[in-house]
Amino acid sequence: MLEGLDPEQREVATALHGPVCVLAGAGTGKTRAITHRIAYGVRAGILQPSSVLAVTFTNRAAGEMRGRLRQLGAVGVQARTFHSAALRQLQYFWPKAIGGPLPRLVDRKVQLVADAAAACRIRLDRGELRDVTSEIEWSKVTQTVPADYAPAAAKAGRETPRDPAEIAQLYSAYEELKRERGVIDFEDVLLLTVAVLQDRHDVAEQVRAQYQHFVVDEYQDVSPLQQRLLELWLGDRENLCVVGDASQTIYSFTGATPDHLLDFRTRHPGATVVKLVRDYRSTPQVVHLANGLLAQARGRAADHRLELVSQRAPGPEPVFTEYTDEPAEALGAAQRIRELIDSGVPASEIAVLFRTNSQSETYEQALADAGVPYQLRGAERFFDRPEVRKAIAALRAAARFGGNDHLLDDAVDLPSQVRAVLSGEGWTSEPPAGSGAVRERWESLAALVNLAQDFAAARSGVGLAELVVELDERAGAQHAPTVQGVTLASLHSAKGLEWDAVFLVGVAEGMMPITYAKTDEQIEEERRLLYVGVTRARERLHLSWALSRSPGGRPNRRPSRFLDGLRPGSTGTAGRGSVGGSGGVERGFPASGPRAAAPAGPRRRQRSPARCRVCGRTLTDAGEMKLMRCEDCPSDMDEGLYERLREWRAEQARRSGQPAFCVFTDKTLMAIAESAPEDDHELARIPGVGMRKLGRYGADVLAICAGREVAGEQNQD
């Protein structure tokens, strides 16, 4: 069980008594260390599997931990998220402690917040609704009641979306509305579990009798409410192992704080402390840049930073690229990604990471134009896809009645059985050409085939019945297998993931750090967010920024201050372990090629900021800029024209075997339907059209806008 562990990981695995604190840097094998610790304790007879509770923060992380424990023979150990563990206990003890059935859990609280706002006669736009919901969530995880919200928010230095008194009123109305409707929300699961364990000592003792050893992963992300729940689970015992890295604290806006990790030795003076700094994920070049970022950091988390040491062979230097505008930056990233895929790098091993979700649309369009398949992290969930649900149903039927299925006659092992069943659902040994809907369905089925192969390799002798159980568990936890396609994700949602090649885009002042990061603490969290992004890369790392938002815009942006002293040609103090001039080449592109010196002569007129044509507000969101109006402003769109354009787009997508958005996105179609262009010039001015699509689809679109019949199929290039 201890073979293959490095000395520090082995120290973690054999530290089975008393409090243990593991300070683990990015890519240092912390999950390997703690799962081997649990499995070693079980094999040694020190830990009973049913008495161990391992908790983490995402369903994916919990699913990965369960899979590794199962491979190591530690069957029966509970590996769950905080909320999953609490909900399980609450469902079991509610009839005894409270009486009656547990109230229904609401999936999304936004509608309840909207109803509360209506009851208070407070009008919230869509952005304010989302922000107020976040404030309510923060209040609950920090155990702040409505009456105390205003002073608590002021003390925490929060930028409130509305007057604090109004938010407190909305918070109170929201809680009252929940009581009236007999429902609870996500945060209530933890609050109610804490209340039951505090008030009912018999229930608390029953839980403590069940769970006697605790492991907490990503401990730097624990909120005060989660810490209180952990303390109630523990009681007066100290059989606790925590794992974390203060330099990866990036969720303080949700109430997470590294203080519990940094104060662990104060609360547990006799704790065993182990540091994991051997980085097995990233090349020395990537690790060098990551260490350089933290060397410039300030604050308490920075005082406890870990200096990573790469264990991998050298790789390419990080590439720093400057572009004239954001569309050029997206085009440049898409072109390089296309080159990587053509050279043999799987699309699933490439990611584009950005600071805000609003940045994704430009990259979606650029990748679609380049014919690159992609998946947007946080979009439709894998197990909710129709083809996946149908495939699992087919596997379940085969598990029950496989003896009567001639497809399985020649299938001797689990992977071949799965391939035989899914061949009836559209899976083939070779992927279909193109990147359209047919390819997307095939990718989903291929992910199930690959999962079956991994499952069979981990557990010998398993069959379809065991695989169906595994799929049901994964569906319940939303632990999806890997799907082929470049990942588009925000930096926050990329935590815990890794890829061979990572493109960090929009690394400019105003976006990294984000504009509303004002205090020193907020600035340092932005630095840590960039550090998390850098450490997602195994081999190739591209960092880029644009000098202006749109073509022709004023080039008044500058690269992020976090890169000062780290990128070639920049100045600044990198501090300890300076990596100034860390390699790579600094290149740039204008709208259609490398950035060249400005020609002599008068400067071209700078484009004015995009403004809403209805209310006049300056537009910053990419989707709103396409429409040339705010999302919430009234539309004068010709609904009939929009539907005709959608029907035409569907036919074009069918002919080309591509997703519909590769023809035109919904926002671009809406912009066309609102402006009803009469000639090529007017059509070309609409964001999202461009000269390539103008030449390919322009005649059709203009014919539809004029009410004429489409002449015929356009030539495909």
Side-chain angles (χ1 to χ4, degrees), residues 9 22-35 54-69 79-85 215-223 226 241-258 261 276 279-282 286-287 290 293-294 301 306 308 348-355 357 375-379 381-382 447 454 474 477-483 485-504 525 528-539 541:
Q9 292 172 343
V22 183
L23 302 175
T28 56
K30 65 181 177 65
T31 305
R32 177 179 175 82
I34 59 178
T35 52
V55 289
T56 186
F57 285 83
T58 67
N59 289 320
R60 186 178 188 87
E64 180 184 355
M65 194 178 294
R66 283 194 298 271
R68 293 202 190 189
L69 289 170
R80 297 180 174 274
T81 64
F82 268 100
H83 283 86
S84 173
V215 177
V216 184
D217 193 13
E218 304 288 1
Y219 193 55
Q220 77 278 352
D221 291 332
V222 167
S223 70
Q226 289 164 332
C241 174
V242 301
V243 188
D245 178 10
S247 296
Q248 296 189 67
T249 305
I250 59 173
Y251 299 111
S252 66
F253 60 91
T254 67
T257 170
L261 175 66
L276 302 183
D279 189 318
Y280 297 94
R281 175 188 299 160
S282 305
V286 173
V287 168
L293 277 172
L294 291 188
L306 299 168
L308 299 178
S348 60
E349 289 297 344
I350 304 173
V352 178
L353 306 182
F354 33 75
R355 177 61 180 84
N357 287 319
Q375 55 176 331
L376 186 61
R377 185 163 174 80
R381 300 189 295 188
F382 179 82
D454 295 340
R474 282 173 166 262
Q478 287 300 328
H479 179 203
T482 301
V483 177
V486 173
T487 299
L488 294 175
S490 70
L491 285 164
H492 282 101
S493 66
K495 179 75 167 62
L497 303 175
E498 58 187 76
W499 297 270
D500 283 346
V502 169
F503 289 75
L504 292 173
E525 180 150 341
R528 294 194 296 269
L529 188 58
L530 182 58
Y531 171 79
V532 166
V534 167
T535 55
R536 299 310 94 194
R538 297 192 192 105
E539 297 179 5
L541 178 63

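One-based numbering along the sequence shown.
Side-chain contact between Q375 and L488: absent, with no pair of heavy atoms (C-beta onward) separated by less than 4.5 Å. Using a 4.5 Å heavy-atom threshold, the side chains of S282 and R538 count as separate. In this structure, V22 and V242 have side chains that are not in contact, with every pair of non-hydrogen atoms separated by 4.5 Å or more. With a 4.5 Å cut-off on side-chain heavy atoms, W499 and T487 count as touching. L529 has its side chain within reach of R355: a pair of non-hydrogen atoms, C-beta onward, lies under 4.5 Å apart. Annotation: side chain of F57 is in contact with side chain of Q226 (closest heavy-atom distance under 4.5 Å). Under the 4.5 Å side-chain criterion, counting only non-hydrogen atoms from C-beta, I350 is not in contact with D500. Residues R536 and L353 meet the side-chain proximity criterion, which asks for heavy atoms closer than 4.5 Å.
With L308 as the partner, the side-chain contact (heavy atoms from CB on, under 4.5 Å) test is satisfied by one option alone out of V286, L276, D279: D279. None of V222, V216, D217 except one satisfies the side-chain contact (heavy atoms from CB on, under 4.5 Å) rule with V55; the exception is V216.
Separating the CD atom in E539 from the CD atom in E349 is a distance of 9.0 Å, to the nearest 0.5 Å. Atoms OG1 and CG, on T28 and L306 in that order, are 8.0 Å from each other to the nearest 0.5 Å. We find the CD-CZ distance between Q9 and R32 to be 6.0 Å, quoted to the nearest 0.5 Å.
E218 and T56 share no side-chain donor-acceptor pair at under 3.5 Å.
L294 is linked by a side chain to side chain contact (heavy atoms under 4.5 Å, CB included) to S247, R305, Y531, counting only residues two or more places apart in sequence or in another chain.
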Test side-chain hydrogen bond (donor to acceptor under 3.5 Å, both in side chains) on Q220 and T249; report intermediate values, then the result.
CA-CA 6 Å; Q220 77 278 352; T249 305; 5.6 Å; no

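Remark: R68 engages E64 in a salt bridge, criterion side-chain N to carboxylate O under 4.0 Å.
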